[in-house]
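Step one of this worksheet: look at the structure below.
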Amino acid sequence: MLQLNYIRDNKDEVIKRLNLKNFKDAETIINQIIEMDNNRRAAQKQADDCKAEANALNRQTGDLKRAGKVDEAEKIMARTSELKVMERELNEKQKQIEKEVQAILVTVPNTPSFKVPAGKSAEDNEVVLEEGKKPELYAGARPHWELTAQYNIIDFELGVKLTGAGFPVYKGKGARLQRALINFFLDKAIAAGYYEIQPPIVVNEDSGYGTGQLPDKEGQMYYINEDKLYLIPTAEVPVTNIYRDVILKEEELPIKNCGYTPCFRREAGSYGKDVRGLNRLHQFDKVEIVQIVHPSKSYDILEEMLQHSVGLLRDLELPFRILKLCGGDMSFGSALTYDLEVWSAAQQRWLEVSSVSNFETFQTNRLKCRYRDEKGKPQLAHSLNGSALALPRIVAALLENNQTEQGIKLPKALVPYCGFEMIN
RNA sequence: GGAAACGUGUCCGAGUGGUUUAAGGAGCAAGCCUGGAAAGUUUGUAUACGGGAAACCGUAUCGAGAGUUCGAAUCUCUCCGUUUCCGCCA
């Protein structure tokens, strides 16, 4: 959510940036918000004045009553009764306007950075870098959903029996590969200075609201009705909410956290080739990196986080490309997002394995995550997060790209973690 | 699941209708003191919104919401959370 004061102080810039995201009627809506806020302020001023007068009179009433001057007290009490009615009306007016402003404000997306390329859809994303050689596969090469069955390492049908579609069962070397990747990613994050967190994987409503999953994406999360808890769609939710309602010291920044969790997504409305095999799951594993940083540093840190995830792909010897998302393809809350995609050789397509974003103050405004500047004033920090990395599509690419007639050869970096070189 | 207690500022903690404009203590910061420190001492030390060029001022906030009252941290109701004991249990 954008800050009202920021919108007021930087109206023209906000409109210009919103246009980059193809947000319709930006100018009309921003003007409307400011106009409504002016009305709210006027109502507050009047209400505050009423209350101030009433407070002063109430003090007199107490004094008069104690002095036994009941008549005078009664006169004052008549006036305070009047003030009370006025104040109540003004307060209601103010609350009403505030509610309306809030309702509009939550529909306004974050302002994209000026670095964001213009564009409407995924086709307009800018390819920043493409690296690694796409492997030439032998004639009998197969997509990963056939390989997993051939080597009996991931069982989709068994998952359907136990739970439903999109909940695969990892078996034998498939299970060990999962564990290896999680440990590999975590070790790399820790080596890069991140602090490991093992959070709960169910969260309450406040947390869902804090990072912006609620109210927008209510239907995308699994919900435990009995206890009013949500299964997390990403570790970002609990790991970032640690800093909800927290005022940090400036020298504590940057905060660098990482965490492994399973992630749960209902993926309502998905279908087709996108959901085949490991391409899209309801439950998957991911290591997430999260930073809370000083506003002046957030774009440098975004690059640093991107490079961390890129380093993982290089270690895994996977061909990849970096996309800078265009205004139309960015998520609601992001100011600048890079996606990382790996080449899936048997499917002949790019698969998204990571998304690294700077949210600027969009999340921290909701979270009320602040730091004290040199004057001791609380200021909103910037928050960033990125996948480092999500497992399933990495596994898909590893299996497909490294298949040989003898079996699947693992990249060197993973061998110490897996304890084997080949899946055969 | 059963029973009870509790929720006040950065923390501890007092406060049962009107000098509470939230006592007192600790912590923290600055000043004094000191060769330097400790001790001592003085002062300061929340957040949000609004008004103001600023100094500063107003309003709200004692878990949340609603109510009673001229006036609520204090009384009433509802909800939320935490802790303890019992039960069950990896």
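We name chains A, B, ... by the order of the sequence lines, and we start the count at 1 in each one. On a predicted model such as this, the values are computed, not experimentally measured, just so you know.
Atom name P, nucleotides B:G27 and B:U21: the rounded distance is 28 Å, in whole Å. A gap of 12 Å separates the P atoms of B:G7 and B:U74, to the nearest Å. Nucleotides B:A46 and B:U83, compared at atom C1', are 26 Å apart to the nearest Å. Between B:A22 and B:U45, the two P atoms lie 12 Å apart (nearest whole Å). B:G24 and B:U76 have their P atoms separated by 29 Å, with the value rounded to a whole Å. The gap from the C1' atom of B:G18 to that of B:A73 amounts to 14 Å, rounded to the nearest Å. On the P atoms, B:A48 is 27 Å away from B:U43, given to the nearest whole Å. Using P as the reference atom, B:G36 and B:A55 are 35 Å apart when rounded to the nearest Å.
B:G65: Watson-Crick or G-U partner is B:C77, with both key distances under 3.5 Å. Of the nucleotides present, B:A5 is the one that pairs with B:U82 by Watson-Crick or G-U wobble criteria, both distances under 3.5 Å. When both pairing distances are held under 3.5 Å, B:U47 makes a Watson-Crick or G-U pair with B:A60. If you check B:A30 for Watson-Crick or wobble pairing at under 3.5 angstrom, you find it paired to B:U42. Pairing for B:G71 is absent, judged as Watson-Crick or G-U wobble with the two contacts each under 3.5 Å. Both distances falling under 3.5 Å, in either a Watson-Crick or a G-U wobble arrangement, occur for no nucleotide opposite B:U19. Partner assigned to B:C89 is none, using Watson-Crick or G-U wobble distances below 3.5 angstrom. Pair check for B:A14 finds none; no Watson-Crick or G-U wobble contact set falls under 3.5 Å.
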Readout for nucleotides 58-67 of chain B: B = base within 4.0 Å of protein heavy atom, S = sugar-phosphate only, - = neither; 5' to 3' it is BSS-----S-
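Atoms NZ (A:Lys377) and P (B:U47) sit 7 Å apart, rounded to a whole Å. Between A:Arg79 atom CZ and B:G71 atom P there is a gap of 14 Å when expressed in whole angstrom units. The distance between atom CG of A:Asn38 and atom P of B:C49, rounded to the nearest whole Å, is 16 Å. For the pair A:Lys75 NZ and B:C70 C1', the interatomic distance rounds to 16 Å; values are reported in whole Å. Atom pair A:Tyr6:OH and B:C49:P shows a separation of 17 Å (rounding to whole Å applied). Look at CG on A:Asn91: it is 17 Å from P on B:C49, rounded to the nearest Å. One atom, CG of A:Leu380, and another, P of B:U47, lie 13 Å apart when rounded to the nearest Å. Rounded to an integer number of Å, the gap from A:Gln3 CD to B:U47 P is 16 Å.
Using cut-offs of 30° and 60° on the angle between ring planes, the pair A:Tyr230 and A:Tyr223 is tilted.
When each of A:Val310, A:Val128, A:Leu323 is checked for a side chain to side chain contact (heavy atoms under 4.5 Å, CB included) with A:Tyr338, only A:Val128 meets the rule.
Nearest heavy-atom pair across A:Phe185 and A:Ala388 is CB-O, 3.4 Å. Nearest heavy-atom pair across A:Arg40 and A:Asp37 is NH1-OD1, 2.6 Å. The minimum heavy-atom distance between A:Arg17 and A:Tyr6, with the atom names listed, is NH1-OH, 3.4 Å.
Here A:His382 and A:Tyr299 keep their ring centres 6.0 angstrom or further from each other.
Within the 3.5 Å criterion, the main-chain N or O of A:Pro262 finds no donor-acceptor partner in the side chain of A:Gln283. Of the possible polar contacts, none joining the A:Ser207 side chain to the A:Val203 backbone as a donor-acceptor pair under 3.5 Å is found.
Side-chain proximity of A:Arg372 to the nucleotides B:G50, B:A46, B:C70 is greatest for B:A46. The side chain of A:Lys45 sits closest to B:G51 out of B:G71, B:A48, B:G51. In the set B:C70, B:U47, B:G51, the nucleotide with an atom closest to the side chain of A:Arg41 is B:G51.
The side chain of A:Lys228 contributes no N or O atom lying less than 4.0 Å from OP1 or OP2 of B:C80.
Each of A:Ile247 and A:Arg8 was matched to the nucleotide of RNA chain B holding its nearest heavy atom; the match closer to the 5' end belongs to A:Ile247.
Residue A:Lys65 is classed as a base contact, given a heavy-atom separation below 4.0 Å to a base.
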What's the verdict on ring-ring contact (aromatic ring centres under 6.0 Å, His included) for A:Phe167 and A:Phe156, showing C-alpha distance, side-chain angles and the deciding distance? CA-CA 7 Å; A:Phe167 293 92; A:Phe156 293 97; over 10 Å; no
